[in-house]
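When a ligand or atom number is given, it counts from 1 through the structure's own listing order. Just the heavy atoms: all of them, side chains too, but no hydrogens, waters or symmetry mates, feed the values below.
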Amino acid sequence: MHQESKTPELYAELFHRHAANPILTARDWPYPAHTVFNAGACLRGDETVLLVRVEDRRGHSHLTVARSKDGVSNWQIDSRPSFVPDPADHAEESWGVEDPRLTWVDDRAQCVIAYTAYSSSGPLVSLAETNDFATFSRLGPVMPPENKDAAVFPCRFKNRYAMIHRPVPTGNSGAHIWISFSPDLLHWGDHQILFHARRGAWWDANKTGLGPPPLETPEGWLIVYHGVRVTAGGCLYRLGLALLDLENPCRVLRRSDEWILAPELPYERQGDVNGVVFPCGWTMDKTSGEIRLYYGGADTCLALATAQLSDLLTYLRTCPAPQTVNRRTATLSA
Ligand code: BMA
């Protein structure tokens, strides 16, 4: 395994893959499933709760709850799908629901789920809420297609909720990460580009997207995002870090030039979609400062990597502060 390698590492690794990886596969599922991956995560009481994307043999996805005391093993998985597409009342879910990001929002006493609703007109962003992971209430679609990779912040900014998301513009100008604001989680505006996909040879050229929801730290909102490099052998999904200002999350304080996690091991390199690490959830142990990143491997299984928050922040302090851009246009490139 990676951690037991005898050759010295070429780069210092911030995230360490868990020895039990992949921690969940379709073989662990209590009912027939093709693949399980891209799970949202949160801590509730003494449990880690995952909302796992499960793809069936039609190719459609639903979401299923898995709970564990240690966040690694002995997962208690709902015996049937927990959150299923509802195409009769929600046509936007006719091809499934995917990639949930979970944010506990104190002032609603609810976990807000931002997920991709896969409509026949393309993927869009929908929101739902739950406080027990048994019953879910939909707020409905909030961003039209094509848009995905969304998560809401856990608090309001000057009385407005904030959400990060990733629209895909027409043309060839790149898929950038945006932020928007809302008084009620239903009506969204003040749309601004948070940061651009880079271009050319960069690892995050052309397409970027938020990973898990922003995590509050003493130095800013911690962001993990994926960048997609299109190669002759297919797309490579790798991960980078960024830090946003605590008071004004439209301000990007730092952004890593290098990726910090990339497909390397067989369960990341080979699967339904080769060469993908795709996190939708993380948790933090406030006592130890350990961050647990839950990520899909090759669109087939679920894996875990851990890092120390202090190491991530130390690394980010060495990263450049991005140039200021006109955030309301998508035309400028970084
Ligand atoms: C993205 C999303 C993810 C998926 C990734 C790689 O666009 O659809 O669900 O893991 O592509 O296939």
Side-chain angles (χ1 to χ4, degrees), residues 21-26 33-41 50-56 58-64 83 85 92-102 113-126 141 143-151 164-169 174-178 197 203-213 224-231 233-240 259 261-265 267-282 293-305:
N21 275 352
I23 58 165
L24 285 170
T25 74
H34 169 58
T35 46
V36 305
F37 55 119
N38 299 7
L50 300 182
L51 194 57
V52 184
R53 174 175 170 189
V54 181
E55 193 178 300
D56 63 28
R58 297 173 306 158
H60 294 205
S61 293
H62 59 267
L63 310 177
T64 293
F83 185 84
E92 72 277 6
E93 297 179 2
S94 55
W95 290 344
V97 292
E98 305 180 349
D99 301 355
R101 276 82 168 181
L102 311 180
I113 307 163
Y115 60 99
T116 303
Y118 198 173
S119 81
S120 54
S121 303
L124 53 82
V125 176
S126 279
M143 293 286 168
E146 181 174 342
N147 202 321
K148 49 168 77 168
D149 302 327
I164 293 177
H165 56 105
R166 203 285 312 278
V168 177
H176 316 298
I177 294 180
W178 289 65
W203 67 273
D204 53 358
N206 306 317
K207 209 169 173 186
T208 52
L210 180 71
V224 167
Y225 71 97
H226 63 258
V228 184
R229 172 90 184 264
V230 182
T231 76
C235 290
L236 281 171
Y237 279 71
R238 301 170 173 130
L239 307 179
W259 70 78
L261 192 76
E264 283 174 13
L265 296 196
Y267 57 86
E268 301 161 342
R269 283 188 175 275
Q270 290 155 21
D272 270 8
V273 183
N274 293 344
V276 178
V277 290
F278 198 94
C280 292
W282 55 8
L293 183 74
Y294 295 92
Y295 65 99
D299 283 12
T300 299
C301 62
L302 191 71
L304 169 63

Report task. Starting from the C-alpha separation in whole Å, work towards a yes-or-no answer on side chain to side chain contact (heavy atoms under 4.5 Å, CB included) for H60 and W95. Result -> CA-CA 6 Å; H60 294 205; W95 290 344; 4.2 Å; yes

Of all the non-hydrogen atoms in the protein, which one sits nearest to [atom], and at what distance?
{"atom": "atom 12 (O) of ligand 1", "answer": "D299 OD2, 2.7 Å"}
{"atom": "atom 1 (C) of ligand 1", "answer": "Y237 OH, 3.6 Å"}
{"atom": "atom 3 (C) of ligand 1", "answer": "D99 OD2, 3.2 Å"}

**Report entry** Minimum non-hydrogen distance to atom 8 (O) of ligand 1, winning option of R166, K148, E146, K207
**Finding:** K148

Query raised in the report: Between the side chain of R53 and the main-chain N/O of P100, is any donor-acceptor distance below 3.5 Å?
Result: no

Query raised in the report: Is it true that a side-chain atom of D204 and a backbone atom of A197 form a donor plus acceptor pair closer than 3.5 Å?
Result: no

Query raised in the report: With backbone taken as N, CA, C and O and side chain as the heavy atoms from C-beta onward, which portion of T116 lies under 4.0 Å from ligand 1: side chain, backbone, both, or neither?
Result: neither

Query raised in the report: What pair of heavy atoms forms the shortest contact from R166 to G209, and how long is it?
Result: CG-CA, 4.0 Å

Query - E98 N/O under 3.5 Å from ligand 1 N/O - result: no

Query - Derivation of the side chain to side chain contact (heavy atoms under 4.5 Å, CB included) call for Y294 and V52 - result: CA-CA 10 Å; Y294 295 92; V52 184; over 6 Å; no

